[in-house]
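So the structure is just underneath, and the comments pick up after that.
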Amino acid sequence: MTDDIQRLGGQVLLNTKVTGLEQDLETGRITKVIAGDQSWEPAEVISSLELRATVGITSPNAPKDVRDAAQGLRYRDFITVALVLDGKDLFPDNWIYIHEPDVEVGRIQNFRSWSPWMVPDESKACIGMEYFVFSGDELWESKDDDLVALGARELEQLGLAKASQVDFGFAVRVPKAYPMYDRDYAERVARIREWLETIPNLQQVGRNGLHRYNNSDHSMLTAMRAVENITTGTNHDLWAVNAESVCTTRSTSKTSTRTSRRPPPSRWRSRSPGRRRPPRADAGHPQAPVRRRRVVRGGGARVRRVRGSTSRRSATSRGRGRARRPSPSSRSSPSRPGPRPAIC
Ligand SMILES: Cc1cc2nc3c(=O)[nH]c(=O)nc-3n(C[C@H](O)[C@H](O)[C@H](O)COP(=O)(O)OP(=O)(O)OC[C@H]3O[C@@H](n4cnc5c(N)ncnc54)[C@H](O)[C@@H]3O)c2cc1C
């Protein structure tokens, strides 16, 4: 893609932080994009910056209530602790969900099941112990060595391997991995969206760009639709992509991206104050410890296994009494029918 862009006279700048969007108040258009000491005068802007950032770097400032709405958006952060072990893979699945309340790990990836090239040494296995955290909390601030030790310890606690099998490991922190669906997010997003509608040459796309639990397919689709809007004059509503993940009522129509860029449907707006529950510190994340359940009886790990490769594949439950871990959207729509997308 970079080659294509360059062949057509474009530039791809890596490691270049966008720090400002200047807006013409009369037309509403973005007239300047600033990245460090460089700037451009764009005809069109497609942005996958998190909504909070886009609102924060626009000048003149967005209206105060829009800035407040953006500041209130929350994210769940993520740590994966990759452990390299001597011996065979610990399980054949791509990943397993951990429902055991006595450990911190929420999910374990088996990297070779995604691709043999991820673990090219046949004599080793490599897994990813996944921790769903908040930036700045105890786990986030832990030293990498301590996280590796924790991962190895929990692996043994779950009965999947001996800690001594772990050859080495390392930790990777991913800030803002998950846009949180807390009590107020829909109202906040709706207000920001109203404001975005007043900027004719700016389109937000992606996951945090729309504060939507989009997987990479959805994220790319929003970007492709945005390009079509520019190049072919369509009027795709990018907020309609993966819209079912935010619905709080049962939808009778199929999701379409061919709808116009209209204001948010009323079901996006938060429930009436009288029906609101108090917010939980960990609200909005599927791995919140408070929601963990033991779903498998018998020794060893209590896990739900997911075989399959893509995030759109539904999680399967096997065995008596197993429960499905709710996705963030299912929390607000417990009666929503059909299989849920796996969590990614
Ligand atoms: C743990 C985890 C597992 C996942 N597993 C899957 C999976 O199995 N399948 C799947 O389909 N999806 C999966 N996803 C979701 C997938 O990663 C996202 O849907 C996708 O990456 C979103 O793409 P995006 O372009 O919107 O955002 P990103 O991929 O986050 O890209 C945004 C980019 O913007 C850059 N940026 C931020 N601020 C600025 C700035 N001011 N200036 C310039 N650049 C900036 C960031 O550095 C980043 O590179 C997973 C996500 C997580 C967190």
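Counting starts at 1 for both ligands and their atoms, following the listed order.
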Heavy-atom count around Q38 CD within 6.0 Å, excluding the residue itself: above 12?
-> yes
Starting at CG of D24, measure out to CZ of R29 and round the result to the nearest 0.5 Å.
-> 9.0 Å
G206 heavy atoms within 4.0 Å reach ligand 1 at atoms 26 (O)
Does an N or O from W114, backbone or side chain, lie closer than 3.5 Å to an N or O of ligand 1?
-> no
Indicate yes or no: does an N/O atom of K17 lie under 3.5 Å from an N/O atom of ligand 1?
-> no
Would you check whether R207 has a nitrogen or oxygen atom less than 3.5 angstrom from a nitrogen or oxygen atom of ligand 1?
-> yes
Side-chain ion pair, E197 and R193, N-O less than 4.0 Å | yes
Using a strict cut-off of 4.0 Å, indicate which atoms of ligand 1 neighbour a heavy atom of T16.
-> 42 (N), 43 (C)
Could you tell me whether D68 and K64 make a salt bridge, using a distance below 4.0 angstrom between a side-chain N and a carboxylate O?
-> yes
Which atoms of ligand 1 have any heavy atom of L49 under 4.0 Å away?
-> 38 (N), 39 (C), 40 (C), 41 (N), 42 (N), 45 (C)
Find all atoms of ligand 1 within a distance of less than 4.0 Å from any non-hydrogen atom belonging to F78, and give their numbers and elements.
-> 1 (C)
Considering only heavy atoms, does A177 approach ligand 1 within less than 4.0 Å through its side chain, its backbone, both, or neither?
-> both
Side-chain H-bond candidate by donor/acceptor type, T54 with Q204, under 3.5 Å = yes
Would you please classify the geometry between the Y185 ring and the H211 ring as parallel, tilted or perpendicular, with 30° and 60° separating the classes?
-> tilted
How does the hydrophobic cluster around W117 look, that is, which other residues are in it when side-chain heavy atoms under 4.5 Å mark a link?
-> none
Under 4.0 Å, heavy atoms only, figure out whether ligand 1 is touched by the backbone of V18, its side chain, both or neither.
-> both
May I ask you to check if ligand 1 and N214 share an N or O to N or O distance below 3.5 Å?
-> yes
Taking distance alone, with no angle check, do S216 and ligand 1 share an N/O pair under 3.5 Å?
-> yes
Side chain, backbone, both or neither: which part of T80 comes within less than 4.0 Å of ligand 1 when only heavy atoms are counted?
-> neither
Can a cation-pi geometry be assigned to R173 and F78, taking NZ or CZ under 6.0 Å from the six-membered ring centre and within 45° of the ring axis?
-> no
Is the closest heavy-atom distance from V174 to ligand 1 below 4.0 Å?
-> no
First locate atom CD of Q203, then atom CD1 of I230, and finally report the distance between them rounded to the nearest 0.5 Å.
-> 5.0 Å
